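Scroll down for the structure; my scribbles are underneath it.
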Amino acid sequence: MPIPAAEIARVVDSYPKRPGVGTVGSHSALDVADGAVAEGLTSVVLVQAGRDATYAQYFRTLRDAGGRRRRGCVDEVWTYPKFADLASPESQERLRQRGVLLVPNRAMSSYVPLATLESDLRVPIVGARAMLRIEERTERENYYRLLESAGIPSPRAIASPDAIDRLAIVKLPHARRRLERGFFTAATAEEYRTKSRALLERGTIAADDLAQARIEEYVLGPVFNFNFFFSPLVPRTEGLELLGVDERRESNLDGMVRLPAAQQLELPAAERIPEYLVVGHGTLTVRESTLEEVFRIGEKFVDAARARYPPGILGPFCLQTCIDRDGHLTVFDVAARIGGGTNVHLALGHPYGNALYREPMSTGRRIALEIRRAAEDGRLKEIVT
Ligand SMILES: Nc1ncnc2c1ncn2[C@@H]1O[C@H](COP(=O)(O)OP(=O)(O)O)[C@@H](O)[C@H]1O
Ligand SMILES: [Mg+2]
């Protein structure tokens with residue numbers, strides 16, 4: 001049972017004018033924490049014991065005798081035995097008492113069961129709670145459906161291994177590191193069989209996952225992850241903002257492409273199939289004449305999300321795209337929440353965000369600005385679910 005909007009509205013009605021900004025300590029938490037303190041709010045990072053040093057030590061806020069921050073941006077660190085414990089009744093009560101708004105990230109939707117986030121976590125989420133599940137490709141209501149209903153190009157699905165007639169990418173989780181990928185590419189049914197056998201033997205993928213894998217056309221072109229923001233607080237024509245663009249570094253794929261072809265061919269057979277573990281991010285801008293298409297797709301996405309998952313997108317979202325040789329975008333992945341690469345502009349601001357705001361505007365800061373504006377105008381309930 002989804003949590004009624006009226007219940008969440010009652011909770012935020014009881015919140016102070018300057019709510020705390022809470023996020024799960026991983027993924028993009030530093031960006032969110034930095035943005036919160038830049039806007040004069042308090043940052044609260046929810047961590048799992050043993051995974052807390054970044055927040056509890058290295059970026060922890062230190063104050064001078066007068067209470068002013070002199071270092072760091074993580075004001076409070078709340079430690080749990082396991083991330084999922086942040087949804088325990090005691091923790092929820094503490095979050096509400098402290099007036100914390102939760103900014104969802106991929107760590108939250110990976111470590112806290114989706115059913116808990118949807119039906120049990122009675123703490124306001126800045127964003128679209130009901131859209132967290134669409135990232136799961138094995139769900140019937142996944143992001144491909146949303147893209148289709150929005151009329152946004154996405155990679156053509158290939159029904160079965162035998163139907164592979166061009167370069168395809170096979171998407172399934174890693175066998176052991178469940179939150180990571182066991183992706184591989186294949187251009188023919190034969191290559192699919194050889195590679196999947198090798199990966200099964202190596203323990204990179206599991207047979208059950210392979211049977212459920214999404215096979216889709218591989219789009220040849222560079223990856224651009226567009227970090228958008230949508231505000232429901234302003235007229236619809238001003239609601240959509242493009243803040244910045246990132247790309248991912250994936251291991252060991254990026255290591256392999258840094259080798260000259262002759263050396264790649266000398267790699268032992270077991271190392272010739274790349275893995276796609278995201279290990280870092282880079283920053284990009286996009287050719288200026290492509291921007292209109294980027295906005296067109298962003299607008300379609302916002303409209304479709306509002307129709308299919310009301311109230312739709314609230315705040316940051318990320319469309320992960322390849323741009324082909326004709327300069328057109330194909331969206332291959334969607335995050336209906338803060339993307340994983342926004343730290344590229346942490347504290348500096350995103351190029352497009354800065355151009356809009358005339359001051360440094362990272363995704364984290366934009367979220368905090370939205371919270372501050374909504375809180376000041378008594379409109380918090382419009383940006384939470
Ligand atoms: N259809 C595709 N064509 C080309 N590359 C793709 C395609 N889908 C994914 N990729 C590559 O695989 C990476 C991870 O894919 P993605 O769908 O974002 O997986 P995840 O959901 O695990 O983030 C992308 O960054 C991109 O490099
Ligand atoms: Mg992705």
Side-chain angles (χ1 to χ4, degrees), residues 26-28 104-111 114 131-139 142-148 152-159 163-187 192 195 199 204-205 209 212-228 245-258 273-284 297 301 316-326 328-344:
S26 194
H27 194 262
S28 50
N105 58 23
R106 184 60 182 159
M108 180 162 111
S109 59
S110 300
Y111 297 127
L114 285 166
M131 293 182 73
L132 296 173
R133 190 181 282 278
I134 69 169
E135 287 183 38
E136 308 303 324
R137 295 193 180 90
T138 46
E139 292 284 326
N142 58 21
Y143 68 86
Y144 293 108
R145 285 205 155 196
L146 179 60
L147 292 172
E148 196 184 331
I152 295 174
S154 64
R156 194 174 60 89
I158 297 175
I164 297 176
D165 58 350
R166 63 186 67 192
L167 187 60
I169 184 164
V170 184
K171 298 187 165 186
L172 68 166
H174 195 282
R176 280 165 284 119
R177 290 170 287 160
R178 298 299 296 165
L179 300 175
E180 303 297 346
R181 313 184 175 99
F183 291 10
F184 64 98
T185 59
Y192 170 96
K195 274 192 177 164
L199 291 167
T204 303
I205 60 173
D209 296 321
Q212 287 197 68
R214 155 96 181 179
I215 308 176
E216 67 187 31
E217 166 191 15
Y218 189 95
V219 183
L220 263 189
V223 170
F224 291 80
N225 299 318
F226 291 99
N227 295 298
F228 288 102
V245 189
D246 71 83
E247 62 172 337
R248 310 284 153 89
R249 293 284 185 278
E250 285 153 343
S251 193
N252 54 356
L253 174 66
D254 282 288
M256 290 173 79
V257 299
R258 285 169 55 82
I273 308 177
E275 296 199 22
Y276 294 80
L277 175 75
V278 174
V279 290
H281 312 94
T283 180
L284 292 174
I297 286 178
F301 187 79
F317 66 103
C318 181
L319 299 183
Q320 299 164 42
T321 75
C322 291
I323 303 189
D324 67 18
R325 64 178 161 212
D326 299 320
H328 293 305
L329 275 79
T330 302
V331 177
F332 62 80
D333 195 15
V334 163
R337 39 126 187 114
I338 188 168
T342 68
N343 275 358
V344 287

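Since the model is a prediction, treat every value here as computed from it, not as a measurement. Counting starts at 1 for both ligands and their atoms, following the listed order. These numbers come from the heavy atoms of this one structure, side chains and all, not from hydrogens, waters or symmetry mates.
The aromatic rings of Phe301 and Phe317 lie parallel to each other, their planes meeting at an angle below 30°, with 60° marking the opposite boundary. The aromatic rings of Tyr192 and Phe184 sit tilted, their planes meeting at an angle between 30° and 60°.
For atom 18 (O) of ligand 1, the nearest non-hydrogen atom of the protein is Asp333 OD2, 2.9 Å. Taking atom 10 (N) of ligand 1 as the reference point, the nearest protein heavy-atom neighbour is Ile169 CD1, 3.8 Å. Atom 15 (O) of ligand 1 has as its closest protein heavy atom Phe183 CE2, 3.4 Å. Annotation: atom 24 (C) of ligand 1 to nearest protein heavy atom, Phe332 CE1, 3.4 Å. When hydrogens are left out, the protein atom nearest atom 5 (N) of ligand 1 is Tyr218 CE1, 3.6 Å; that is the closest non-hydrogen contact.
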Report task. Given side-chain contact (heavy atoms from CB on, under 4.5 Å), test Val334 with Glu135 step by step and report yes or no. Result -> CA-CA 7 Å; Val334 163; Glu135 287 183 38; 5.8 Å; no

Query raised in the report: Should Arg106 and Glu136 be marked as a salt bridge (charged side-chain N to carboxylate O under 4.0 Å, His left out) after you check the CA-CA gap, both sets of side-chain angles, and the distance that decides it?
Result: CA-CA 11 Å; Arg106 184 60 182 159; Glu136 308 303 324; 3.2 Å; yes

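Few gaps surround CD on Glu139; more than 12 heavy atoms of other groups in view lie less than 6.0 Å from it.
Listed by number with element, the atoms of ligand 1 under 4.0 angstrom from any heavy atom of Val223 are 26 (C), 27 (O). Remark: ligand 1 atoms within the under-4.0 Å shell around heavy atoms of Pro155 are 1 (N). Applying the 4.0 Å criterion to heavy atoms of Glu250 picks out, from ligand 1, the atoms 13 (C), 14 (C), 24 (C), 25 (O), 27 (O).
Looking at Val219 next to ligand 1, an N or O pair under 3.5 Å apart turns up. Ligand 1 has a nitrogen or oxygen under 3.5 angstrom from a nitrogen or oxygen of Glu216. The shortest N/O to N/O separation between Arg248 and ligand 1 does not fall below 3.5 Å.
Checked for salt-bridge contact, Glu148 and Arg156 miss the test: no charged N lies under 4.0 Å from a carboxylate O. Ion pairing of Glu250 with Arg248 is absent here, as no side-chain N (NZ or NE/NH1/NH2) approaches a carboxylate O to less than 4.0 Å.
Backbone or side-chain N, O or S atoms of Gln320 reach the Mg ion (ligand 2) at under 2.8 Å.
Proximity annotation for atom 17 (O) of ligand 1: of Arg137, Gln320, Arg214, Arg181, Arg137 comes nearest, heavy atoms only. Nearest-heavy-atom check against atom 8 (N) of ligand 1 across Glu136, Glu217, Arg156, Lys171 picks out Lys171.
With sequence neighbours excluded, the residues forming a side chain to side chain contact (heavy atoms under 4.5 Å, CB included) with Val279 are Arg249, Ser251, Leu277, listed by chain and number.
Nearest N/O/S atom of Asp333 relative to the Mg ion (ligand 2): this is OD2.
Residue Asn142 comes nearest to Arg137 through the heavy atom pair ND2-O, 3.1 Å, listed as atom of the first residue, atom of the second, then distance.
Each of Phe332, Phe224, Tyr143, Phe228 was scored for a side chain to side chain contact (heavy atoms under 4.5 Å, CB included) with Leu319, with one residue passing: Phe228.
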